[in-house]
Amino acid sequence: MMGYWLLKTEPNTFSIEDLKNSPSRTSMWEGVRNYQARNFIREMRVDDEAFIYHSSCKVPGIAGLAKVSRAAYPDPTAVDPDSSYFDLKSDPDNNRWSCVDVTWTETLAGIISLGVLKSDPALADLTLLKHSRLSVMPVADVHWQHIMDVYRL
DNA sequence: GCCAACGTTGGC
DNA sequence: GCCAACGTTGGC
C-alpha cells in the first residue's frame with residue numbers, strides 16, 4: 001500500500017527547486033526535531049509519495065511532489081556540533097532523531113495554496129488544517145487523490 | 001512584526 | 001506526574 005505524506009519546508013531555506021537542483025535530485029530530509037513528526041518519518045517507505053509544502057512565505061501551499069528514496073536512518077545533523085540542527089541530548093550511540101532521503105519528481109505548474117485547501121469542504125479533515133504546526137504528516141489516500149485530481153495543474 | 005497554538009523543559 | 005514558563009512555528 002502506497003503511503004502519502006506532506007513535508008513542510010521554508011522555501012527561503014530549501015525550496016522544491018533546491019530539491020530539483022540537488023545531486024540526483026535527491027536530498028536528505030534532515031532537521032526534524034519534533035517527536036510526532038519523527039515518528040511519521042520512521043513510518044515512511046521507499047517509493048511513498050509526498051507533497052512538498054512551502055511554509056512561512058508569501059503564498060504558503062503545496063509546491064511540488066517528491067518520492068521517498070531511502071527509508072529512515074539516524075539524522076547525522078543531530079550529532080554534528082557544526083550543524084544548526086545539532087542536538088545536545090543526542091550522540092552517535094544514541095541519536096534521538098531520524099531522517100529520510102527524498103527525490104524530486106515534479107514542480108507543480110502553480111502552488112496549491114493553503115487558502116485553496118482551506119476553502120474546500122472535501123479537505124476539512126486534512127491533517128495540515130487540523131495540526132498546523134506539524135512539519136511531517138500523513139495524507140489520507142482520499143485527500144491525496146482529491147488534491148491531485150482537482151488542483152494539480 | 002504580531003500573536004495564537006502548542007510542544008518542551010524543569011522545578012516541585 | 002503536574003503545570004508554569006518558555007521557545008518555536010507559521011499564518012496573517
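Not measured: the values here are computed from a predicted model. In what follows, every chain begins at residue 1, and chains take the letters A, B, ... in the order their sequences are listed. No hydrogens, no waters, no symmetry mates; every other heavy atom, side chains included, goes into these values.
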*Asks:* According to salt bridge (Lys or Arg N to Asp or Glu O under 4.0 Å), who are the partners of A/Asp87, at least two apart in sequence or on a separate chain?
*Replies:*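 For A/Asp87 the salt bridge (Lys or Arg N to Asp or Glu O under 4.0 Å) partners, ignoring immediate neighbours, are A/Arg96.
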*Asks:* Do A/Thr127 and A/Leu6 have side chains that approach each other closer than 4.5 Å (heavy atoms only, starting at C-beta)?
*Replies:*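 No, every pair of side-chain atoms sits at 4.5 Å or beyond.
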*Asks:* Please list all pairs meeting salt bridge (charged side-chain N to carboxylate O under 4.0 Å, His left out) that have one or both residues in residues 103-113 of chain A, counting only residues at least two apart or in different chains.
*Replies:*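 Residue pairs passing salt bridge (charged side-chain N to carboxylate O under 4.0 Å, His left out), neighbours aside: A/Glu106-A/Arg152.
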*Asks:* Nucleotides 2-5 of chain C: which of its N/O atoms have a protein N/O under 3.5 Å away?
*Replies:*
none

*Asks:* So what does A/Ser132 touch, heavy atoms closer than 4.0 Å: a base, only the sugar-phosphate, or nothing?
*Replies:*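 The residue A/Ser132 makes sugar-phosphate contact but no base contact.
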*Asks:* Would you tabulate the nitrogen or oxygen pairs shorter than 3.5 Å linking the protein to nucleotides 7-11 of chain B?
*Replies:*
none

*Asks:* Please write out which residues are connected to A/Tyr35 in a hydrophobic cluster, directly or through intermediates, given that two of Ile, Leu, Val, Met, Phe, Trp, Tyr count as joined at side-chain heavy-atom separations below 4.5 angstrom.
*Replies:*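 When side chains under 4.5 Å apart are linked, the cluster holding A/Tyr35 also contains A/Trp97.
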*Asks:* What salt bridge (charged side-chain N to carboxylate O under 4.0 Å, His left out) pairs are there with at least one residue in residues 4-16 of chain A, not counting sequence neighbours?
*Replies:*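 Counting only pairs at least two positions apart or across chains, no salt bridge (charged side-chain N to carboxylate O under 4.0 Å, His left out) contact touches residues 4-16 of chain A.
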*Asks:* Kindly state which residues belonging to residues 111-124 of chain A come within less than 4.0 angstrom of DNA chain C, counting heavy atoms of the residue only, listed by number.
*Replies:*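 Heavy-atom cutoff 4.0 Å gives A/Leu114, A/Lys118.
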*Asks:* Going by side chain to side chain donor-acceptor pair (under 3.5 Å), name the residues that satisfy it together with A/Glu17, two or more places apart in sequence or in a different chain.
*Replies:*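 Result, side chain to side chain donor-acceptor pair (under 3.5 Å) vs A/Glu17: A/Thr107.
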*Asks:* Can you name the residues that form a side-chain contact (heavy atoms from CB on, under 4.5 Å) with A/Lys58, not counting sequence neighbours?
*Replies:*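 By the side-chain contact (heavy atoms from CB on, under 4.5 Å) rule, A/Lys58 matches no residue at all.
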*Asks:* Return all side-chain donor-acceptor pairs below 3.5 angstrom for residues 67-82 of chain A, not counting sequence neighbours, or 'none' if the list is empty.
*Replies:*
| unit_1 | atom_1 | unit_2 | atom_2 | d |
| --- | --- | --- | --- | --- |
| A/Ser69 | OG | A/Asp101 | O | 3.4 |
| A/Ser69 | OG | A/Thr103 | OG1 | 2.8 |
| A/Tyr73 | OH | A/Asp101 | OD1 | 2.5 |
| A/Asp75 | OD1 | A/Thr77 | N | 2.8 |
| A/Asp75 | OD1 | A/Thr77 | OG1 | 2.6 |
| A/Asp75 | OD2 | A/Gly31 | N | 2.9 |
| A/Asp75 | OD2 | A/Arg33 | NH1 | 3.0 |
| A/Asp75 | OD2 | A/Arg33 | NH2 | 3.4 |
| A/Asp75 | OD2 | A/Thr77 | OG1 | 3.3 |
| A/Thr77 | OG1 | A/Arg33 | NH2 | 3.0 |
| A/Asp80 | OD1 | A/Asp82 | N | 2.8 |

*Asks:* A/Thr9: which residues meet the side-chain contact (heavy atoms from CB on, under 4.5 Å) condition with it, sequence neighbours left out?
*Replies:*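 A/Thr9 satisfies side-chain contact (heavy atoms from CB on, under 4.5 Å) with A/Phe14, A/Trp29, A/Ile52, A/His54 only.
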*Asks:* What donor-acceptor contacts under 3.5 angstrom involve side-chain atoms of residues 136-151 of chain A, with partners at least two apart or in another chain?
*Replies:*
| unit_1 | atom_1 | unit_2 | atom_2 | d |
| --- | --- | --- | --- | --- |
| A/Gln145 | NE2 | A/Tyr4 | OH | 3.4 |
| A/His146 | NE2 | A/Asp120 | OD2 | 2.6 |
| A/Tyr151 | OH | A/Asp120 | OD2 | 2.6 |

